[in-house]
Amino acid sequence: MEGQVPSLADYMERRHQFYQQYPEHSHIFFEAMIATPKELEADIAPQKAIFLDLNEQVCQKLISESKLKEHIDEKRAMAYLRLIQDMFRSYYLTVSSDSSLPDLVSGYERQLSQVLDMMIYGILEEDSSKKGEK
């Protein structure tokens, strides 16, 4: 499995396991990669680029192995995934700024999984009729 890009489900499960098994390390990782302090951005940039590239590869794998809606191409789907991830990160860090670091980290991972699931699989049944229509 070394060197292979994991599925989104496997990737999120590995992240969850890491946060459970190594809570102290997960806080450092979270601060460095998700909530990077301004004064450390330049020092962390090479490692963060590797992390972001992996995220990109996982998303690309998901898209390439999935059937997209007719009007959505892979480029547009990737742009959408990036936008949602960036918006979630900004939103979460803003609304959770009063939380303790352990709560911030665990909440971020839990809510990210939920957001990604709803984003990818949607919130509506494919064949459901519109409300009010018979």
Side-chain angles (χ1 to χ4, degrees):
M1 185 90 178
E2 188 67 31
Q4 293 182 1
V5 177
S7 69
L8 179 62
D10 288 345
Y11 178 60
M12 294 307 292
E13 179 59 28
R14 288 179 193 173
R15 285 176 61 149
H16 177 72
Q17 288 174 356
F18 174 77
Y19 284 103
Q20 293 294 314
Q21 293 174 353
Y22 307 102
E24 300 82 20
H25 294 89
S26 67
H27 300 159
I28 295 167
F29 181 84
F30 181 87
E31 283 189 290
M33 299 297 160
I34 310 298
T36 311
K38 285 275 188 216
E39 63 274 12
L40 298 177
E41 282 179 349
D43 294 333
I44 292 172
Q47 292 78 21
K48 190 171 185 174
I50 294 167
F51 172 68
L52 294 175
D53 184 57
L54 176 59
N55 286 345
E56 190 90 0
Q57 289 179 47
V58 169
C59 290
Q60 186 62 52
K61 178 178 179 160
L62 172 71
I63 289 169
S64 67
E65 294 177 351
S66 302
K67 183 175 181 349
L68 297 174
K69 293 187 176 191
E70 190 175 301
H71 64 284
I72 305 291
D73 62 17
E74 287 189 15
K75 184 177 178 181
R76 188 171 175 194
M78 281 299 294
Y80 173 69
L81 290 175
R82 274 189 225 102
L83 173 69
I84 296 300
Q85 289 175 46
D86 290 346
M87 286 175 36
F88 174 75
R89 184 178 308 111
S90 295
Y91 168 79
Y92 188 82
L93 292 174
T94 300
V95 300
S96 302
S97 59
D98 295 344
S99 299
S100 69
L101 187 57
D103 291 342
L104 190 66
V105 173
S106 65
Y108 181 86
E109 287 298 312
R110 185 179 60 256
Q111 289 183 31
L112 176 61
S113 290
Q114 293 170 358
V115 166
L116 288 173
D117 186 63
M118 285 191 291
M119 177 185 70
I120 292 164
Y121 302 109
I123 58 172
L124 304 176
E125 289 291 332
E126 275 295 315
D127 59 354
S128 67
S129 59
K130 292 184 181 174
K131 190 174 182 177
E133 289 185 15
K134 301 230 179 201

Go through E41 and K48 one step at a time and tell me if the side-chain contact (heavy atoms from CB on, under 4.5 Å) criterion holds. CA-CA 9 Å; E41 282 179 349; K48 190 171 185 174; over 6 Å; no
Co-membership, hydrophobic cluster, residues F88 and L52, 4.5 Å side-chain: yes
When rounded to the nearest 0.5 angstrom, what is the spacing between CG in L116 and CD in Q85? 6.0 Å
Hey, what do you get for OH (Y80) to CD1 (I120), rounding to the nearest 0.5 Å? 9.0 Å
With the 4.5 Å side-chain cut-off for hydrophobic clustering, are L83 and Y91 part of the same group? no
Which word best sums up how the rings of Y22 and H25 line up, parallel for under 30°, tilted for 30 to 60°, or perpendicular for over 60°? perpendicular
Pair F51 and F29, ring centroids less than 6.0 Å apart: yes
Let's go through Q20 and H16 carefully: what are the C-alpha distance in whole Å and the side-chain angles of both, what is the deciding distance for side-chain contact (heavy atoms from CB on, under 4.5 Å) to 0.1 Å, and is it a yes or a no? CA-CA 6 Å; Q20 293 294 314; H16 177 72; 3.6 Å; yes
What's the separation between atom CG in L93 and atom OG1 in T36, rounded to the nearest 0.5 Å? 9.5 Å
Please report the interatomic distance CD1(I34) to CZ(R89), rounded to the nearest 0.5 Å. 5.0 Å
For R15 and L112: C-alpha separation, side-chain torsions, deciding distance, then whether side-chain contact (heavy atoms from CB on, under 4.5 Å) applies. CA-CA 11 Å; R15 285 176 61 149; L112 176 61; 3.7 Å; yes
Verify the cluster assignment for F18 and V58: are they in a single hydrophobic cluster under the rule of side-chain heavy atoms below 4.5 Å apart? yes
For the atom pair OH (Y121) and OG (S66), what is the distance rounded to the nearest 0.5 Å? 6.5 Å
Given the rule in the side-chain contact (heavy atoms from CB on, under 4.5 Å) test, do D73 and L68 qualify, once you have shown the distances and angles that lead to the verdict? CA-CA 7 Å; D73 62 17; L68 297 174; 5.7 Å; no
Minimum heavy-atom separation for L104 to Y92, with atom names? O-OH, 3.0 Å
Taking side chain as C-beta onward, heavy atoms only, is R82 less than 4.5 Å from M78? yes
Minimum heavy-atom separation for S113 to M12, with atom names? OG-CE, 3.3 Å
